[in-house]
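These notes concern the structure reproduced below.
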Amino acid sequence: MPEGHIVHRIADSLNAHFAGKPLTVTSPQGRFANDAAAVSGRRLRRVTAVGKQMFLEFENDLTLRIHLGIYGKWQFHESTEVPEIVGQVRARFAYSNVFVDLRGPTVCEVTDHDTALSVMQRLGPDPLNPNPKKAESQRFTERVLKSPSAIGLLLMNQDVISGIGNVYRAELLFRAGIEPHTPGSALTHEQVEALWVDSVKLMRVGVKTGFMITRDNLLGKNPSKEDRNFVYKREGQPCRRCGSLIRIELMAARKLYWCATCQL
DNA sequence: CAACCATGAGGAT
DNA sequence: TCCTCCTGGTTGT
């Protein structure tokens with residue numbers, strides 16, 4: 001379930017278990033064998049998440065960049081025995097009794113630190129990276145307001161805002177009452193600013209709970225999958241706010257869900 | 001079982 | 001606009 005909130009959660013866990021430790025890195029599947037050997041035995045300085053990408057900074061100017069794509073998943077084990085390899089494990093990271101398996105990532109490669117940094121710097125502002133908060137929201141707002149592209153596309157563009165995926169895209173636009181085909185340049189400054197603020201709020205909930213809960217009255221609870229969202233995967237069902245049927249359409253080959261009554 | 005689907009994204013056409 | 005990468009969970013027969 002890799003939108004940005006999951007990547008940040010994993011980065012936090014990896015830091016908690018592994019930061020400052022020398023890791024044993026292997027590639028049971030084999031496809032990552034050379035890079036694994038390059039970093040194995042080296043100390044992991046820290047893990048940084050930016051949007052949907054993760055950067056593991058090792059000693060000796062080596063950085064491992066990981067992007068999960070649709071399929072990628074992490075699995076943590078804590079055990080005194082070495083856990084059995086199940087399925088296709090691209091990489092296993094181990095220190096002491098903690099074993100972490102990575103499967104199916106789109107990107108998993110080691111480069112020097114500067115190369116990784118340049119990838120990082122090309123990414124748009126991340127609602128979960130709080131540092132210069134004001135400047136980050138301005139970068140997003142300016143980019144959207146001068147773009148003729150549909151806001152539904154802009155929210156999915158990782159150069160514009162990083163970490164948002166298909167679920168948050170649909171839900172943010174519903175919550176803002178914005179029709180997804182509206183050009184960025186047709187929005188008001190206040191609308192775009194509000195989208196940023198709401199993305200910070202929702203993604204923090206995601207990091208905290210591990211789930212993409214986007215209905216305010218359910219934020220503190222543990223709702224089932226069907227109850228979590230307003231429009232995502234609810235095509236043909238009645239809008240939770242106005243009752244009209246939720247629409248679906250392909251936008252740039254991704255499914256877009258919205259309520260044509262609530263979003264204008 | 002097989003078929004289908006997915007919270008992504010780069011590259012060819 | 002389509003294809004491909006790649007893995008696993010869900011759905012259908």
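Chain naming here is simple, since letters A, B, ... match the order of the sequence lines and numbering starts at 1 in each.
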Tell me whether the side-chain N/O atoms of [X] come closer than 4.0 Å to OP1 or OP2 in [N].
X: A/Lys52; N: B/dT7; result: no
X: A/Arg254; N: B/dA9; result: no
X: A/His67; N: B/dA9; result: yes

Secondary-structure stems for DNA chain C, with pairs counted as Watson-Crick or G-U when both distances are under 3.5 Å and runs at least 3 long
B:1-6 with C:7-12, B:8-12 with C:1-5

For A/Glu226, which residues count as a side-chain hydrogen bond (donor to acceptor under 3.5 Å, both in side chains) partner, sequence neighbours excluded?
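side-chain hydrogen bond (donor to acceptor under 3.5 Å, both in side chains) check on A/Glu226 returns A/Ser224.
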
In chain order, what residues pass the side-chain hydrogen bond (donor to acceptor under 3.5 Å, both in side chains) check against A/Glu57, with sequence neighbours excluded?
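Expected list: A/Arg46.
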
On the ring face of A/Phe230, is A/Arg241 found with NZ or CZ under 6.0 Å from the centre and within 45° of the axis?
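Yes.
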
Just to be sure I understand the rule, does A/Tyr168 reach a base, reach only the sugar-phosphate, or reach nothing, if contact means heavy atoms closer than 4.0 Å?
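No contact.
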
Suppose we screen for ring pair (Phe, Tyr, Trp, His ring centres under 6.0 Å). Which residues come up paired with A/Tyr232, at least two apart in sequence or across chains?
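Testing A/Tyr232 for ring pair (Phe, Tyr, Trp, His ring centres under 6.0 Å), a comparison that skips the adjacent residues, returns A/Tyr257.
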
Under the ring pair (Phe, Tyr, Trp, His ring centres under 6.0 Å) test, residues paired with A/His181 that sit two or more places apart
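For A/His181 the ring pair (Phe, Tyr, Trp, His ring centres under 6.0 Å) partners, ignoring immediate neighbours, are A/Trp258.
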
Given B/dA6, B/dT7, B/dA9, the nucleotide with the shortest approach to the side chain of A/Gln158
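Of the candidates, B/dA9 comes closest.
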
Rounding to the closest angstrom, what is the interatomic distance between B/dC5 and C/dT13 at atom P?
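It works out to 12 Å between them.
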
Write down the distance separating the P atoms in C/dG8 and B/dG10, rounded off to the nearest Å.
23 Å

How does the hydrophobic cluster around A/Phe99 look, that is, which other residues are in it when side-chain heavy atoms under 4.5 Å mark a link?
A/Val82

Could you list all N or O pairs between the protein and nucleotides 7-11 of chain C that sit under 3.5 Å apart?
| residue | atom | partner | partner atom | Å |
| --- | --- | --- | --- | --- |
| C/dT7 | OP1 | A/Gln29 | NE2 | 2.4 |
| C/dG8 | OP1 | A/Arg103 | NH1 | 3.4 |

Please tabulate, for side-chain N and O atoms in residues 114-121 of chain A, each donor-acceptor pair with protein atoms closer than 3.5 Å (sequence neighbours left out).
| residue | atom | partner | partner atom | Å |
| --- | --- | --- | --- | --- |
| A/Thr115 | OG1 | A/Asp112 | OD1 | 3.1 |
| A/Thr115 | OG1 | A/Asp112 | OD2 | 3.1 |
| A/Ser118 | OG | A/Thr115 | O | 2.9 |

Spacing of A/Asp159 atom CG relative to B/dG10 atom C1', expressed in whole Å:
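So the CG-C1' distance, A/Asp159 to B/dG10, works out to 12 Å.
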
Can you sort out the partners of A/Arg254 under side chain to side chain contact (heavy atoms under 4.5 Å, CB included), two or more places apart, ordered by chain and number?
A/Met156, A/Asn166, A/Arg169

